[in-house]
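Shown next, in structure tokens, is the structure this report addresses.
Residue numbering restarts at 1 for every chain, and letters A, B, ... go by the order of the sequence lines. Quantities reported herein were computed from a predicted structural model and do not represent experimental measurements. Below, each value reflects all heavy atoms present in this structure, side chains not excepted, and no hydrogens, waters or symmetry copies.
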Amino acid sequence: MQYMLLAYVDQNSFAKMTPEDQKQGLAAYQSFMEALHKAGAYQASGRLQPTSTATTVRVSNGKTQVLNGPYTETKEQLGGYFLIEAPDLDAALSWAARCPASHHGTVEVRPIWVM
Amino acid sequence: MSSVEGGEHARSTADAVARRSYGRLVAFLAARTRDVASVEDALAEAFASALQDWPKNGCPANPEGWLLTAARRKLIDFARRRRTGEAAGGELQLIAEELEAAAAAAVASTTHESQIPDQRLALMFACAHPAIEAGVRAPLILQVLLGLDAAMIASAFLTSPAAMGQRLVRAKEKIRKAGIPFRIPEREELPGRLGAVLDAIYAAFSEGWTDSGGTDVARRDLAEEALFLGQLVTQMLPDEPEALGLLALMLYVEARRPARRGARGEYVPLAEQDVSLWNMGMIEAAEGLLLRASPLDSIGRYQIEAALQSAHVARRRKGDANWCSIVQLYDALLALSGSPVVAINRALAIAEVEGAPAALAILQSLAGDERLTQYQPYWAARAELLARTHAHDEARHAYDVAIGLERDPAVRDFLLQRQSALAR
């Protein structure tokens with residue numbers, strides 16, 4: 001099955017870190033991706049720019065509404081994702097627990113809808 | 001055999017198979033597809049077919065195998081219907097072949113149901129998975145393993161059948177769509193995961209116990225079903241001390257059922273129960289389970305609660321009240337659970353060692369917990385202790401609150417009697 005790991009993190013805390021800590025933080029993500037690759041579980045991933053760069057779009061009654069900012073303002077924001085292949089939820093959950101985001105934030109695990 | 005007798009025989013055979021093997025059949029079929037709802041539907045149709053076929057053609061020598069084959073065909077039909085026009089033929093083929101091979105192996109090698117590989121425990125672990133909402137785990141296990149319907153489960157858990165039905169449907173959907181596995185967890189994660197299974201079984205048992213008068217058949221059955229599930233877990237995991245502890249605890253409680261109510265249905269507290277009405281076979285079985293658990297060297301909530309039951313039973317049977325060790329057990333339980341309910345029972349035990357004022361002081365320290373203001377045993381305990389210190393007005397008030405919170409009329413009557421016995 002395919003699962004999406006959605007990393008919710010406090011984006012401000014990264015900005016406040018020392019360059020040394022930032023480097024270490026990124027290295028942890030590198031190692032995590034490396035492990036995903038090695039296990040053949042890696043499908044895709046991406047890191048998102050901070051929510052200050054977000055724009056939301058909604059079309060209702062034929063009118064397009066474009067708003068500055070993220071969908072919701074919360075302390076922890078969607079900061080990135082990993083699309084993985086795993087045999088079952090338990091396997092996906094153990095990848096989520098290894099993901100650095102689950103240590104400094106929260107990882108939501110969602111199965112991909114099979115058409 | 002006349003057709004009427006044939007029909008009767010078919011029905012009673014089907015009933016017997018349902019009681020004996022329903023959970024086993026669900027577990028076996030669902031472990032492959034993870035689609036519990038479809039498996040339940042397929043089995044219901046298979047049982048319906050059996051009631052039509054067996055009176056005409058005679059009961060099969062291996063009814064479980066017959067039902068397995070029929071349910072497997074229905075499952076393949078369902079999948080085919082759902083997937084018409086879709087390019088999912090490959091997956092369908094896979095399901096068909098897998099079920100075919102498994103069923104063939106099971107039918108060929110068996111003359112009775114014990115040959116169907118038993119995956120009920122794996123199914124219980126799926127139902128009590130941390131990804132399933134905690135409150136629906138016990139209802140889910142009762143429905144999926146025992147085939148109880150949503151309306152009966154709803155009345156036991158005091159919710160509406162529609163709401164319960166919806167929660168069960170959602171939980172089954174989650175198992176299928178999120179890919180919750182059917183397996184017994186690895187050694188290192190077993191204790192935590194087993195805890196959720198045991199908690200669900202105990203929740204079913206406790207709901208079954210709420211109506212100890214036995215007027216509500218649905219609830220009484222629930223306690224029996226929980227005992228059955230507890231036995232199943234200890235058979236499949238014979239060296240898990242907490243599983244042994246839970247079964248012991250349930251047996252101690254169940255053993256006293258006949259003594260909990262008097263001839264006119266009135267509530268009888270432990271201290272006044274007729275010991276000769278207790279089921280000694282169950283009590284001895286419980287003692288045996290605790291003895292088996294203790295050398296396994298891993299103490300937990302259920303073993304301690306069972307040990308407390310054992311101490312209370314010994315107190316009534318042999319008259320040797322060892323209140324100090326009872327308090328120690330409550331200390332351990334409180335440290336484990338931090339539950340205010342445990343703290344109340346501990347205070348009552350302390351009253352026996354240090355007197356009512358000491359116990360009242362403990363209750364006073366708990367009074368800040370909002371959960372307790374609506375908890376009948378807190379007020380009943382308070383009333384009892386106040387009565388012992390001759391603070392009759394305060395005791396009368398505490399009884400009032402306790403009576404107002406109680407939903408069981410027999411317990412309400414008992415509390416009313418205690419209240420009116422207070423000297424004016």
Neighbours of chain A found in residues 128-140 of chain B - heavy atoms under 4.5 Å: His129(B), Ala131(B)
Considering all heavy atoms, the nearest Met1(A)-Lys177(B) contact: CE-O, 3.3 Å
Between Ala178(B) and Pro111(A) the two heavy atoms that sit nearest each other are CA-CG, 3.6 Å
Got a sec: does the CD of Glu370(B) have more than 12 other heavy atoms crowding it under 6.0 Å? no
Which residues in residues 82-108 of chain A have a heavy atom less than 4.5 Å from any heavy atom of chain B? Pro87(A), Asp88(A), Leu89(A), Asp90(A), Leu93(A)
